[in-house]
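The next block holds one structure in the form of structure tokens; read it before the comments.
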4 protein chains.
Amino acid sequence: MIIVMKNGSTKDQEEQVNRTLKEWNFQIHVIEGVEKKVIAAVGDKRRVDFGFLESLPGVERVVPILAPYKLVAAEAQPERTKVRVGPVEIGGDRLVVMAGPCAVESEEQLLRAAKGVAEAGATFLRGGAFKPRTSPYAFQGLEDEGLAMLARAREVTGLPVVTEAVDLTQVDRVAKWADIIQIGARNMQNFGLLRAVGRTGKPVLLKRGLSATVQEWLMSAEYIMAEGNPHVILCERGIRTFETATRNTLDLSAVALAKTLTHLPILVDPSHGTGKRALVLPMAKAAIMAGADGLMIEVHPEPERALSDGEQSLSIPEFQRLMEEIAPVAELAGKLLARLG
Amino acid sequence: MIIVMKNGSTKDQEEQVNRTLKEWNFQIHVIEGVEKKVIAAVGDKRRVDFGFLESLPGVERVVPILAPYKLVAAEAQPERTKVRVGPVEIGGDRLVVMAGPCAVESEEQLLRAAKGVAEAGATFLRGGAFKPRTSPYAFQGLEDEGLAMLARAREVTGLPVVTEAVDLTQVDRVAKWADIIQIGARNMQNFGLLRAVGRTGKPVLLKRGLSATVQEWLMSAEYIMAEGNPHVILCERGIRTFETATRNTLDLSAVALAKTLTHLPILVDPSHGTGKRALVLPMAKAAIMAGADGLMIEVHPEPERALSDGEQSLSIPEFQRLMEEIAPVAELAGKLLARLG
Amino acid sequence: MIIVMKNGSTKDQEEQVNRTLKEWNFQIHVIEGVEKKVIAAVGDKRRVDFGFLESLPGVERVVPILAPYKLVAAEAQPERTKVRVGPVEIGGDRLVVMAGPCAVESEEQLLRAAKGVAEAGATFLRGGAFKPRTSPYAFQGLEDEGLAMLARAREVTGLPVVTEAVDLTQVDRVAKWADIIQIGARNMQNFGLLRAVGRTGKPVLLKRGLSATVQEWLMSAEYIMAEGNPHVILCERGIRTFETATRNTLDLSAVALAKTLTHLPILVDPSHGTGKRALVLPMAKAAIMAGADGLMIEVHPEPERALSDGEQSLSIPEFQRLMEEIAPVAELAGKLLARLG
Amino acid sequence: MIIVMKNGSTKDQEEQVNRTLKEWNFQIHVIEGVEKKVIAAVGDKRRVDFGFLESLPGVERVVPILAPYKLVAAEAQPERTKVRVGPVEIGGDRLVVMAGPCAVESEEQLLRAAKGVAEAGATFLRGGAFKPRTSPYAFQGLEDEGLAMLARAREVTGLPVVTEAVDLTQVDRVAKWADIIQIGARNMQNFGLLRAVGRTGKPVLLKRGLSATVQEWLMSAEYIMAEGNPHVILCERGIRTFETATRNTLDLSAVALAKTLTHLPILVDPSHGTGKRALVLPMAKAAIMAGADGLMIEVHPEPERALSDGEQSLSIPEFQRLMEEIAPVAELAGKLLARLG
């Protein structure tokens, strides 16, 4: 790391920095600049917390050189990670599509959605049994009953299931019923939850937080991998910015960038990312071109009756059209649409 | 609520909206504008989810009229809430100061900090036993041992203790040892945790999320109050913006605004809000003038040895100076500094 | 528009609002809600400034119903605008590519770039003669000399030229030499400049401001059209968010959204949008799928010697590869690459 | 500056970097880290543009060590700048208050406002003759007539005048009539305008841009000072964030921070900063405590009839109360309220 000293820092202050660095087994190189003095410290610093170096008298700022993540870094393994779930592989040469309702509302609704998306060619069924909602008065999901419905829908359609664990107490149940455990945007830095899903060993889909940098997103993936679970799938779902005309700002550059920083597969959720049904199709195609390994799409048999997020859900015919239209886009991006069976 | 129809929406589409509204027992007023048709719907709509109205064909957008929160609203009670903790009242005519280290690191460190801040006039001891950290490799807190140390520090100094519960599994333990349970910024929308601390009936200090609007912050407080727990204290600690010269952007306008929207007391944390030791004192004073009912300040007996957030922690002499300098500011704002005993 | 009255507003306050509305020839409908009173005002309100209605005693907020723009609105004309420049049409069924160096640095550099991009199939030459730079000490462009070089490059290659007018004093000169006048992101709300380029009648490429909402962007286009100039081309080039891993956050959802709000053509600049050479190609493809009518790409014969923005400029061979790779993407999006002659 | 090489960069790539640095007369220190190689380059680099170093093959990123501004830096002069305007000094031990209407609407309105604020103790009259407005259909100011009215109001009240120059063509006229030329937030990076007001030698009040970092704000001040004009006054007026409950997010930390980075005086505009009349007084007091050298306050004799920004304007009695209430706050901050005569 690089420590930049303030103009006018004293010899004593510099020595205090050097002493601290030596205590931590760093090698030190002092560089006298034209106006500033800079100390370059060489060592393995990932496991140390450097904020307080900045608080030493005479220190202007500290610049880390190494990225703070390790296991998720592109450099950590020569090949891209492929997460296998039953017959489907995420992160390989096939594009996966996870589709289904925002929330499981009833067995009938879920089965209609599941059959519809399966017929249209989706490879995963998505649906929330536990729903994090801004208002305590909004529908919070069918909970365990919803999990059981998802399992039945899997039986009927053959689609593996991805569903969210909202808190620690649900992890075991979700791990038991689901094929992929989803961590929602609001929980991206719920570190206890990350560790818990890490310990299950099950595939985890980690959504990017509303105001999380790409680096923080990768650090949260590192939490899961650090528990010995390599089956991590990232999912961009829009960030919060000043723009209110879309629900969020879908950050596709982050997808293209993250592909260069990590070996993990990356999906995109244009439904939450835009919050507007009319933008789902164009942004789904754009996501594929930006490098996405798959999509997450909200589909409801009757969007106008959805208990949550109806304004961004596709109807089944709309989803069929999406599947038809993205097939050649995927092909152009060098991927075929994944298929079950 | 107001439903704005699209230019060119059809009679049928309008009727579908009206039918839906009537199903929900809304009264309907149709207003023909110069270019647009607008439907005003009168009813108690707080417990309904309105996104899907926007998804109906012909609907351009839906404008809610009522704020989505109820119990926390200024209008819900004539007097401002005062949260009593032992001998101290938060939200009344005294300004409270919660001070102590970011993380409990050792009994010796904590006791030195606790005695120091008590002597300087703090009314609460803060300190983290459980620490949410971006990196899995950073110090995560002493956990239960840390809680016990906080309890001992309370015995020695008489200072009531505020400490964070990072996840659901810790709530009972934190509720047992602490006087106020803190919910951190990253957990502001961890709804299961909010409900759990609501059920303890203990005072809860709810930090604003990094990218939470004031309305979402109040909705999270509503979660706690909806469990029957009226002892909620809000805490502004800086939001995430494009500006990187400060760690966060301390949003004091939100404090002044929230005072008009809710009856709950509001504290300010200028340590996390700015991330820079030199800015803590001016922003502490500014916070009082913006209407804060109290402050949360990081103090470490040896900031340059802190295991976390050393760059924003005050030393004990610096904290003493802060207490001296804020006393007349509080007085000017119509408050005296709260005192123990 | 809708005026929401505060709980507890008085009869007098309501009458003051009504009186004001009547003065402005609005028709009034008063709706008594469960908790709030709402006043719906019907009239042509685009030319009035409504902030002060919100300042009347008893008023909680004012909700406009009509979009504030008129000429640029999709509803204003049945067909999408096509801006014709010499043999090329922007906004029709061809995808245009504007390419060239960030800044004109020398005749030799410009000609090499121009020939390179022409051979690769670009349809416009871009290049800055006037450069707005954050630092007064950075290279500010060759100014008039640069304009003359652009004109010579046009002669040699046949490529029409797009270049920026940074302030009012340059408008006539840029209008004389260039085929399209570019308004940069920092000038999106330089209203005098907008009016001036509007008066030239020349095609104008209007970049979105760093923190401009889509609505503000369209309002700035309205300024140009209000001067009688219908030849406006929008260009998304990334917005400023908390994310610093990319130079800006390229907001492709805004492109898909704006296509539904306006009839004007929209380009995307993935070079400024991402600030990273490696992200230009994937984001160029993504932009086309999001609905862009064209691209703006920085190309430099020797990016490692560029006087500005070298880190995001493609070399000529990289640009050739981009042109080859986007051709089938454009085709899939229903457009052919525009060609000169 | 520090150049961080990529893992796996080659000897050749390193040599290309070194060659480039030597061409620019930098001294080079190569530091072999545990995983990365780092090149420290010592030299006077302010006048060079470093983006393209980042574009060299093998380079991961470049970290500048020196701040890019020079004349405005705190270190550039031992004493804080005091800008003298007639009998008043800005940046000294007196707190200045600039008050008046957002826009000059008529002589009668302006005189009533001017007399009102003068009697209440303001030291400057503010008022816009040229108004930058988002909509081409909104009131754009009385222009030259407005300037003349401001001059008459100055005659009558003795208050020096601050008013905005919106574009280059107005600079001479504004410089002739006004005592301080204001550069608005939307023009903070209108570099031609900055240079032009720099050349007038008149005091300049430079508002922070809506999405400008503190560093960019100081760079814009550097533009003015680089023209030989040291009379620069900074003004924080709120930044754009995701929060929409206030018009902007008033960034008082930036004030406290900027006081440590520059010797220039800093004002705060809580009227635009919050956009809500009820928040002006608390945020005015907070601003003083954060270290502001003065305030800018919108005052209108009849806020409910203002042609712009009425919702944030104080009435004259409200302004009188503000002046009374801030006097002891200023005193506590070690400043007296400035007085004319």
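Below, chain A is the first sequence line, B the second, and so on; all start at residue 1.
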- Item | Portion of A/Val255 that has a non-hydrogen atom of chain C nearer than 4.5 angstrom | neither
- Query: Checking heavy atoms, do the side chain of A/Ala284, its backbone, both or neither come under 4.5 Å from chain C?
  - Reply: neither
Produce the donor-acceptor pair table for chain C versus chain A, cut-off under 3.5 Å.
unit_1: C/Arg208; atom_1: NH2; unit_2: A/Glu243; atom_2: OE1; d: 2.9
unit_1: C/Val214; atom_1: N; unit_2: A/Glu243; atom_2: OE1; d: 2.7
unit_1: C/Glu243; atom_1: OE1; unit_2: A/Arg208; atom_2: NH2; d: 2.9
unit_1: C/Glu243; atom_1: OE1; unit_2: A/Val214; atom_2: N; d: 2.7

- Listed by chain and number, what are the side-chain contact (heavy atoms from CB on, under 4.5 Å) partners of C/Ala221, not counting sequence neighbours? C/Val72, C/Leu206, C/Val232, C/Leu234, C/Leu264
- Would you please name every residue forming a side-chain contact (heavy atoms from CB on, under 4.5 Å) with C/Ala290, sequence neighbours left out? A/Met283, A/Ala286, C/Leu252
- Note on the structure: Minimal heavy-atom distance between C/Leu257 and A/Ala245, with the atoms involved, is CD2-CB, 3.5 Å
- Query: Under a 4.5 Å cut-off applied to non-hydrogen side-chain atoms, are A/Met289 and C/Ile288 in contact?
  - Reply: no
- Examine whether an atom of C/Ala212 lies under 4.5 Å from a heavy atom of chain A, and if so say whether it belongs to the side chain, the backbone or both; otherwise answer neither. backbone
